[in-house]
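Chain letters run A, B, ... following the sequence lines, proteins first, then strands; residues in each count from 1. Just so it is clear, the structure is predicted and the values come from calculations on it, not from any experiment. We use all heavy atoms of the structure for the numbers below, so side chains are in, but hydrogens, waters and symmetry mates are not.
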Amino acid sequence: MDLNLDAPHSMGTTIIGVTYNGGVVLGADSRTSTGMYVANRASDKITQLTDNVYVCRSGSAADSQVVSDYVRYFLHQHTIQLGQPATVKVAANLIRMLAYNNKNMLQTGLIVGGWDKYEGGKIYGIPLGGTVVEQPFAIGGSGSSYLYGFFDQAWKEDMTKEEAEQLVVKAVSLAIARDGASGGVVRTVIINSEGVTRNFYPGDKLQLWHEELEPQNSLLDILNAAGPEPMAM
Amino acid sequence: MTFTVPIDNGDSVRIAEEESQRTLYPYVTGTSIVAIKYKDGVLMASDMGGSYGSTLRYKNIERVKAIGKHSLLGASGEISDFQEILRYLDELTLNDNMWDDGNSLGPKEIHNYLTRVMYNRRNKLNPLWNTLVLGGVKNGKSYLGMVSMIGVSFEDDHVATGFGNHLARPILRDEWHADLSFEDGVKLLEKCMRVLLYRDRSAINKLQIAKITEEGVTVSQPYSLKTFWEFSSFHNPTAGAEGSW
């Protein structure tokens with residue numbers, strides 16, 4: 001079995017961005033793979049661009065890192081010149097500029113999400129090639145293939161913050177269940193007028209899906225479960 | 001290979017020169033555009049799909065846009081390149097307006113500009129991966145033309161891109177005539193779009209029809225067409241079959 005440890009680091013990934021009544025929720029898995037080996041099982045794929053705009057990264061880890069680094073740099077200068085926070089649309093267009101003009105070399109799909117005082121919560125999808133699509137919700141990465149049907153059914157307009165985050169966590173968790181290139185923990189970032197909140201959902205805190213079993217410490221615990229339970233842990 | 005990055009003085013800097021760039025393949029694509037001249041101007045129809053390979057990924061992409069007061073541009077092919085073309089045209093119309101001389105760019109001028117852009121990109125082996133349909137009305141005269149990604153450019157009474165060439169144009173050749181009313185024109189386009197919906201895998205059932213007349217541009221709201229499945233031979237095609245067919 002060839003692990004191909006020299007393969008470029010790729011974030012197979014599942015990334016999601018969802019608008020709700022008042023802001024946006026961004027979500028992602030945490031697996032970075034080199035070939036078949038999991039190089040990082042706890043990556044953070046939701047990267048800050050400004051105080052109010054974040055980006056979910058998928059595809060080549062290197063490409064997505066360098067693009068978001070450049071855009072963070074440009075946005076920083078833009079904010080100084082503008083004298084107020086950058087808008088989500090400007091961030092998305094800067095990403096588009098790099099993605100489109102270097103389309104032959106880059107292999108990264110991005111979801112830009114944030115909140116500004118003019119438009120409120122907004123999500124922009126920027127797939128391979130550099131198309132920009134403003135959407136009420138966006139999905140990306142290899143794991144997203146398994147979520148098109150799910151979102152077609154489960155998505156609705158004007159969700160609350162709690163409903164939106166639950167939807168995102170459920171969706172990433174479902175994708176992790178079926179996509180070998182996605183895994184680890186579910187990270188979410190909620191952005192609204194009040195600020196930014198980061199959340200962390202480890203694998204064992206997630207709902208179990210089809211043919212998944214409740215995790216145990218050991219077989220021995222199962223075998224001994226007939227009698228009175230020993231002290232936990 | 002060159003990585004292009006803007007620097008502080010407004011220029012772009014190229015890092016690490018190597019062999020020249022070329023676009024190899026499209027990623028997010030739009031399918032057919034169908035357009036016809038009618039009594040008052042031009043009608044143009046397209047669906048709202050953006051495909052990502054075989055996945056019908058985006059279902060709300062507007063592929064027909066107004067350009068100035070007198071023209072309508074529809075595009076099939078790579079959506080990011082269409083978005084770039086719209087930026088070029090924004091710049092063109094802005095510069096034209098700055099003359100403030102009462103003149104405005106008509107469809108013939110826009111079509112010519114696009115032809116030059118597409119052909120010159122083709123010559124550099126770095127095409128904009130689109131087939132464009134340009135329709136418009138200026139000073140009472142209707143105009144309808146097309147430019148392909150290799151710079152082939154022509155005008156006609158009815159045009160179609162992609163699958164539309166094969167499925168819609170035969171219908172239009174038979175049923176189009178001069179001075180169609182708005183209602184007949186829309187019905188004709190819908191007939192073409194329905195066939196495309198049946199037979200083009202990348203078509204989706206959500207379309208817009210745009211109209212341009214001397215008065216200006218109107219793009220309809222998105223809507224869906226009814227489809228027909230009640231042919232008797234559809235009900236039980238394998239009834240008398242031996243085996244699978």
Side-chain angles (χ1 to χ4, degrees), chain A residues 58-60 62-63 66-78 80-81 92-111 123-149 151-152 155, chain B residues 1-30 48-63 75 77-88 90 121 124-130 204 206:
Chain A
S58 77
S60 155
D63 286 352
V66 87
V67 167
S68 54
D69 285 349
Y70 269 117
V71 172
R72 189 178 312 113
Y73 167 65
F74 296 143
L75 278 172
H76 185 218
Q77 298 186 314
H78 171 68
I80 291 168
Q81 188 170 52
N93 267 311
L94 285 169
I95 299 248
R96 180 213 90 95
M97 183 187 66
L98 289 175
Y100 180 76
N101 289 321
N102 299 287
K103 63 161 74 186
N104 293 336
M105 279 164 294
L106 293 173
Q107 211 185 74
T108 171
L110 301 156
I111 296 178
I123 294 284
Y124 293 88
I126 305 167
L128 260 45
T131 313
V132 195
V133 188
E134 201 249 294
Q135 303 170 276
F137 71 89
I139 57 178
S142 56
S144 68
S145 306
Y146 307 97
L147 297 176
Y148 285 97
F151 272 91
D152 277 348
W155 159 262
Chain B
M1 302 252 239
T2 46
F3 194 70
T4 304
V5 169
I7 54 172
D8 306 294
N9 67 352
D11 294 339
S12 290
V13 107
R14 261 162 244 225
I15 305 164
E17 294 274 359
E18 235 196 60
E19 74 142 73
S20 52
Q21 287 196 20
R22 58 216 316 260
T23 313
L24 297 169
Y25 32 72
Y27 291 100
V28 180
T29 54
M48 299 191 76
S51 298
Y52 189 74
S54 57
T55 305
L56 305 173
R57 189 166 179 183
Y58 301 105
K59 295 191 178 183
N60 210 26
I61 309 246
E62 285 192 26
R63 296 192 292 115
E78 169 67 44
I79 301 297
S80 66
D81 285 344
F82 176 50
Q83 290 180 342
E84 188 75 351
I85 289 167
L86 291 174
R87 281 169 179 263
Y88 288 154
D90 263 350
R121 286 287 296 255
K124 294 190 281 191
L125 250 22
N126 182 207
L128 289 160
W129 208 283
N130 297 112
I204 64 163
K206 191 175 180 191

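Minimum heavy-atom separation, B:Arg57 to A:Pro127: NH1-CB, 3.9 Å. Closest non-hydrogen pair, B:Glu78 versus A:Thr131, comes out as OE2-OG1, 3.5 Å. Across B:Tyr27 and A:Lys103, no two heavy atoms sit closer than the pair OH-O, 4.3 Å.
Annotation: the span from B:Arg87 atom CZ to A:Arg96 atom CZ amounts to 4.0 Å, rounded to 0.5 Å.
For A:Glu134, no part sits under 4.5 Å from any heavy atom of chain B, backbone or side chain. Using a 4.5 Å cut-off between heavy atoms, A:Ile126 does not touch chain B at all. When heavy atoms are compared at a cutoff of 4.5 Å, B:Ile61 approaches chain A solely by way of its side chain, counted from C-beta outward.
In this structure, the side chains of B:Tyr52 and A:Leu128 come closer than 4.5 Å at one or more pairs of heavy atoms.
Under a 3.5 Å cut-off, the side chain of B:Ser80 and the backbone N or O of A:Tyr100 do not form any donor-acceptor pair.
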